[in-house]
Amino acid sequence: MTHHTPHIGEPRPVIRQLDEGAINRIAAGEVVERPASAVKELVENAIDAGARRITIDIADGGKTLIRVTDDGCGMAPDDLPLALARHATSKIDGSDLLNIHSFGFRGEALASLGAVGRLTVTSRAAGHDGAEISVTGGKVGALRPAALGGGTVITLRDLFHATPARLKFMRTDRAEAQAIGDVIKRLAMAEPTISFALRDVSGGGEGRQTFRADAETGDLWDSLHARLARVIGRDFADNAMRIDAERDGFHMTGSAGLPTYSRGAAVAQFLFVNGRPVRDRMLIGALRAGYMDVLSRDRHPVAALFIDCEPALVDVNVHPAKSEVRFRDPGTVRGLIVSGLRHALAEAGHRASSTVATGTLGAFTPERGPARVYQMERPSPQARAASYAAQAPSFAETQSTYSARTEPAPAPPTDAPLGAARAQVHENYIIAQTADGIVIVDQHAAHERLVYERLKRQMADHGIAAQALLIPEIIDLPEADCATLTAAAPDLAPLGLTIEAFGGGSIAVREVPAILGHADARALVLDVLDELNDQGDSDSLRARIDAILSRMSCHGSVRSGRRMQAEEMNALLREMEATPMSGQCNHGRPTYVSLKLGDIERLFGRS
């Protein structure tokens, strides 16, 4: 038998020097991943040039046009050809790569963009005439005069036309435009004294403005506070704690939301190192750890934290995109974030966010109040009353004034898997007697799972029945969020949630799932929006339907503090026994704990 040996008999591979065009296209693959990467590089260059006003125009999600106009220092005509060369920069002299005080320093952005697109740079420096130069597919054109009052205009057309295979990996125009908006918002938070304007000029004309942030005035904290209110939202600014902490050469400032002002997904966490927006797992983990004792696992904090230090203490030369950093002493930074957040939380005391009813003040003080209640999770008293009336079994009001009540009424045999209800303590925990022990049930967590499973069954069978609102709920949102919800409306309709555009930056909620009774429509939509933003692409929304159902079921489950009669508690136990996966709630927490009689006897030394 003849065996084929790979590589034997093949010609010896020849080592060759790649041409300049191939080198630039390879470098572009590292620096320019998508249109948002190109926008980031160009806007950072404008900031480094001392610009006070930056305008960004895009078309078709940045695929066909990206134009960045700034009023910075500009460039002299003789500098333009050099600016398009690889590894040419005015930011550093190359002697110390750890002493970097600017956004850019690699000198790769313009050369990379010119290698994969059609790039034109028009600039004028003080005391010089305006000039323009173009580069297409890595081929630099001739320098020519241009009319410009000052600053720089960089126009990038047909991104990736020189590497068409990359276009196959682009997402939809809306998704790419959303990514560009996210980049601009992060840079706007980092530079509150600079004006930013983002316009979508798809189809020609003046286009529409999708984001604008005028330069803020005042001291550092006031300007940052105003910019965060503009970018993240006024609710965040009103319900945020001021952060100011220092440790071993690192200084952390910024704002962090109260525990009661939390989100359903990690879509509002912004971290900056020496003014540079970064995405760092260690920093995100530290942020989560700071809220560990006051935030449920299914909720996510909202924060904008700025860490400043000497450039020598952090290495920003980790990745060409410069979105990752490496600290010389990461433990110190993590400790600073955790301790700074916990100190701010301790100082907040009984303060709760303005979105929570006055009756929940002090609920987050450890061991002094009822179970924690989070933003958007607790409907109004009227909504709760209507929701209870719509639930099955019906939960009627009782007049008992005790937090622990026994139920001597006739009960099912104790040989049932979850036994017979004997008492309710603290209006949240059901004590049931089984044949060989007791079961402690968290009534809220258990009913949340039951509602979730019921929603899934209804959707699978015939869709979820919708209940029309007498007066549609009008919700004002950023235009990008309105577009996200409108695009997802056909997928939300089978869930019983009917929404439609209402013009401008508003949507109208016309129907909500009937099974939830009179649910808080605004809170429900905001939670759904968080899920959609976290997913990032409504095309694959079907994969997240169960996650949205889980979020919706939170609004329809019986709440902690609800007093239940014996028949109601036993009905809940029987439904748990008949429902798959009722042993854990939607967030992974157990719905009941079973204690054998022998274990209880050992606790009292009786065995």
Side-chain angles (χ1 to χ4, degrees), residues 264 296-299 371 373-396 418 421 424 427-430 441-467 492-498 509 511-528 530-531 544-565 567-592:
S296 174
R297 288 178 297 174
D298 64 326
R299 306 298 298 180
V373 179
Y374 298 95
Q375 180 198 25
M376 306 176 191
E377 191 174 298
R378 185 171 187 173
S380 65
Q382 295 82 3
R384 290 203 306 272
S387 180
Y388 294 146
Q391 291 170 3
S394 175
F395 299 110
L418 293 181
Q424 181 192 31
E427 287 76 46
N428 188 53
Y429 301 100
I430 298 170
V441 179
D442 183 333
Q443 67 188 39
H444 167 69
H447 196 250
E448 183 179 356
R449 165 61 73 175
L450 299 180
V451 173
Y452 175 45
E453 294 296 330
R454 195 182 308 164
L455 286 171
K456 291 199 298 184
R457 287 196 301 269
Q458 288 186 1
M459 185 190 69
D461 294 342
H462 45 70
I464 297 175
Q467 175 179 321
L492 295 174
L495 305 179
L497 180 61
T498 303
V509 182
E511 294 178 324
V512 296
I515 195 172
L516 303 184
H518 292 281
D520 187 338
R522 177 181 176 84
L524 180 60
V525 168
L526 290 177
D527 269 355
V528 170
D530 283 341
E531 295 283 354
R544 300 297 297 271
I545 290 296
D546 284 350
I548 294 177
L549 286 177
S550 174
R551 182 71 55 212
M552 293 167 63
S553 68
C554 292
H555 297 264
S557 56
V558 61
R559 296 292 163 184
S560 301
R562 182 66 175 179
R563 294 170 180 169
M564 301 174 66
Q565 296 178 349
E567 295 80 6
E568 298 164 344
M569 292 187 285
N570 282 308
L572 180 65
L573 297 176
R574 302 290 81 77
E575 189 174 357
M576 289 177 64
E577 293 168 352
T579 302
M581 298 184 294
S582 63
Q584 60 277 325
C585 75
N586 306 346
H587 317 295
R589 298 187 296 267
T591 58
Y592 69 90

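Positions are given from 1, in the same order as the sequence printed here. Fair warning: this is a prediction, and the values are worked out from it, not measured in the lab. When reading the values below, keep in mind they use all heavy atoms of this one structure, side chains included, and skip hydrogens, waters and symmetry mates.
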Inset, instruction - Ignoring hydrogens and angles, tell me if any N or O in the side chain of E577 forms a donor-acceptor pair with the backbone of L418 under 3.5 Å. - result: yes
Legend entry - Interatomic spacing from CG in L497 to CD in Q467 - rounded to 0.5 Å: 12.5 Å
Legend entry - Check: E575 side chain, L572 main-chain N or O, donor-acceptor pair, under 3.5 Å: no
Inset, instruction - Work out which heavy atom in E511 is nearest to a heavy atom in A466; give both atom names and the distance. - result: OE1-CB, 3.7 Å
Inset, instruction - Mark yes or no for whether Q443, through its side chain, and M569, through its backbone, hold a donor-acceptor pair below 3.5 Å. - result: no
Legend entry - Heavy-atom side-chain contact between T498 and V509 under 4.5 Å: no
Inset, instruction - Calculate, to the nearest 0.5 Å, the distance between atoms CD1 and OH belonging to I430 and Y592 respectively. - result: 13.5 Å
Legend entry - Taking every non-hydrogen atom, the tightest pair across A521 and V512: CB-CG1, 4.1 Å
Legend entry - Rounded distance (nearest 0.5 Å) linking atom CD of E568 with atom CD of Q424: 9.0 Å
Legend entry - Rounded distance (nearest 0.5 Å) linking atom CG of N428 with atom CZ of R563: 13.0 Å
Inset, instruction - Could you check if a side-chain atom of Y429 sits within less than 4.5 angstrom of a side-chain atom of D442, using non-hydrogen atoms only? - result: yes
Legend entry - From OG1 (T579) to CZ (R574), nearest 0.5 Å: 11.5 Å
Legend entry - V441 and M576, any side-chain heavy atoms less than 4.5 Å apart: yes
